[in-house]
Amino acid sequence: REAAAAVGTMGVATAAHTLPGAGAPARVIPAGEMEMGLGIHGEPGAFNAPTATVDVVVAQILSKITDPTTGYMTLAPKDKVAVMVNGL
C-alpha cells in the first residue's frame, strides 16, 4: 500500500484507440493536439493540450500529478522520483 500510495500516473495519446471489430477510433483527437489523462481501458482524457516537446509534456504531467489542490501526490523539494515511460 505504501508503494501504491507513492505512484502517480497519467496517460498521453495523440490518437484514440480502436476496439477490435469497430473499424474506427472511439473518438478523434484533433491534429496538433494530444489527450492527457486518458485511461488504459479507453476512458477519455481529462483534457486536450497542444502537442509539445517531451520536456513540456513531462512538466505538464508532473504539474497535474503533484498539484496540491488535488491531493493526488505530494512531493517536497529535492524528493527523488522515478519516471517510467511505456507505449501502450
Side-chain angles (χ1 to χ4, degrees):
R1 288 189 180 164
E2 184 179 342
V7 173
T9 66
M10 179 175 269
V12 178
T14 57
H17 71 287
T18 301
L19 293 172
R27 61 189 164 281
V28 175
I29 300 171
E33 291 187 17
M34 58 187 175
E35 194 172 71
M36 299 187 71
L38 70 155
I40 64 169
H41 301 106
E43 301 89 348
F47 62 96
N48 281 16
T51 53
T53 59
V54 69
D55 57 325
V56 171
V57 174
V58 169
Q60 290 174 320
I61 290 169
L62 287 175
S63 175
K64 291 292 182 186
I65 290 172
T66 61
D67 182 347
T69 63
T70 64
Y72 184 44
M73 201 174 173
T74 304
L75 292 176
K78 307 243 180 194
D79 277 356
K80 292 182 181 181
V81 299
V83 176
M84 181 181 78
V85 177
N86 71 21
L88 294 173

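- Linking ILVMFWY residues whenever their side-chain heavy atoms come closer than 4.5 Å, directly or via other members, places I61 and F47 in the same cluster.
- Contact of the M10 side chain with the K64 side chain is registered, since non-hydrogen atoms from C-beta on lie closer than 4.5 Å.
- Across all non-hydrogen atoms, the minimal contact from V28 to P30 is O-CD, 3.6 Å.
- Atom CG of D55 is separated from atom CD of Q60 by 10.0 Å, given to the nearest 0.5 angstrom.
- The heavy-atom pair separating T14 from M34 by the smallest distance is CG2-CB, 4.1 Å.
- For A16 against P25, the heavy-atom pair with the smallest separation is O-CB, 4.2 Å.
- Atoms OG1 and CD1, on T9 and I65 in that order, are 6.5 Å from each other to the nearest 0.5 Å.
- L62 and V57 fall into different hydrophobic clusters, where Ile, Leu, Val, Met, Phe, Trp and Tyr residues are linked whenever their side-chain heavy atoms come under 4.5 Å apart, directly or through other members.
- Separation of atoms CG (D67) and CE (M73) is listed at 13.5 Å; rounding is to 0.5 Å.
- In the hydrophobic cluster analysis, where Ile, Leu, Val, Met, Phe, Trp and Tyr join through side-chain heavy atoms closer than 4.5 angstrom, M36 is grouped apart from I29.
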